[in-house]
Amino acid sequence: FPADIHQLRAREALQAGELPRAVAELEAAIDVAPDQVRAPLNLGLVLAEAGRLEEAGQVFERGLGNRPDSADLHYNAALVRAYRADAEGAIDGFERAVEIRPDHVPARENLAGLLASVGRFEESVAHYRAALQLSPEDADTHFLLARTLLGLGDHEGALHRRRPQVAQTDARALGDRPDLVGLVGP
């Protein structure tokens, strides 16, 4: 398959530190198989890692034009939108990713965080809880849910988050949140 050959060449170019050649190979893979998800996803990730976020966002959006059913393309496009401070655009992208793939935990967690940041706390709590149904041991999500519940004034619900998983949260994260230290113990 020609697209697979271009993907392999791109990986080799990246391993050799040849970013321009890797980008060219991934663009060639997209040209020969525009309906595949992997090439635009990989190209966007390579560009983002190289600090070329505007280009990465364009690649993800172009990929979505061919594959609007890709949760991963929606997720990564939403990450770029969030980085550009387009909260509503990012929320839309994360919502679409979760709609397509309800078990996409990172999309749910990012969606919950953005919803909280724009004051949509009840929706945020629902997504944090859904993420915890999928990944119950995730200490960071327990911590963020507790913080969101505090934002709603639900101190009892926040205290209920005092679970062994939350107690494992990195102490550095708590260092800049003295208001939450009591939730997770000393």
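Residues L79 and F60 are not in side-chain contact: their nearest non-hydrogen atoms beyond the backbone lie 4.5 Å or more apart. Residues R67 and P40 fail the side-chain proximity criterion, which asks for heavy atoms closer than 4.5 Å. Side chains of L150 and D154 form no contact here, defined as non-hydrogen atoms less than 4.5 Å apart. With contacts defined as side-chain heavy-atom distances shorter than 4.5 Å, the pair E99/H74 does not qualify. Between E109 and D140, the closest side-chain pair of non-hydrogen atoms is not below 4.5 Å.
One hydrophobic cluster, built from ILVMFWY side chains closer than 4.5 Å, holds both Y75 and I91. Hydrophobic clustering, with ILVMFWY side chains joined whenever heavy atoms are under 4.5 angstrom apart, keeps V105 apart from L114. Residues L8 and L26 are members of separate hydrophobic clusters, defined by side-chain heavy-atom contacts under 4.5 angstrom among Ile, Leu, Val, Met, Phe, Trp and Tyr. Residues V59 and L53 do not share a hydrophobic cluster, defined by chaining ILVMFWY side chains whose heavy atoms lie under 4.5 Å apart. Cluster annotation: V37 and I100 are assigned to distinct hydrophobic clusters (Ile/Leu/Val/Met/Phe/Trp/Tyr, side-chain heavy-atom contacts under 4.5 Å, transitive).
Between A22 and A13, the closest heavy-atom pair is N-CB, 3.6 Å. A3 and A33 get closest at one heavy-atom pair: CB-CB, 3.8 Å. Minimum interatomic distance between A56 and A48 (heavy atoms only, all atoms of both residues): CB-N, 3.7 Å. The two atoms that bring S70 and L64 nearest to each other are O-CD2, 4.1 Å, heavy atoms only.
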| Stepwise side chain to side chain contact (heavy atoms under 4.5 Å, CB included) check, H104 with D72 | CA-CA 9 Å; H104 199 304; D72 290 330; 3.3 Å; yes
| said: side chain to side chain contact (heavy atoms under 4.5 Å, CB included), that's the test. Do L47 and L43 meet it? Break it down for me. | reply: CA-CA 6 Å; L47 291 169; L43 178 56; 3.9 Å; yes
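Residue pairs meeting the salt bridge (Lys or Arg N to Asp or Glu O under 4.0 Å) criterion with at least one member in residues 20-34, sequence neighbours excluded, are E18-R21.
Not a single donor-acceptor pair under 3.5 Å links the side chain of R81 to the backbone N or O of D86. A distance-only check finds a donor-acceptor pair linking the side chain of R108 to the backbone of P102 [under 3.5 Å]. The closest donor-acceptor contact from the side chain of T148 to the backbone of L144 lies under 3.5 Å.
Applying the ring pair (Phe, Tyr, Trp, His ring centres under 6.0 Å) rule to Y128 yields no partners; only residues at least two apart in sequence or on another chain are considered.
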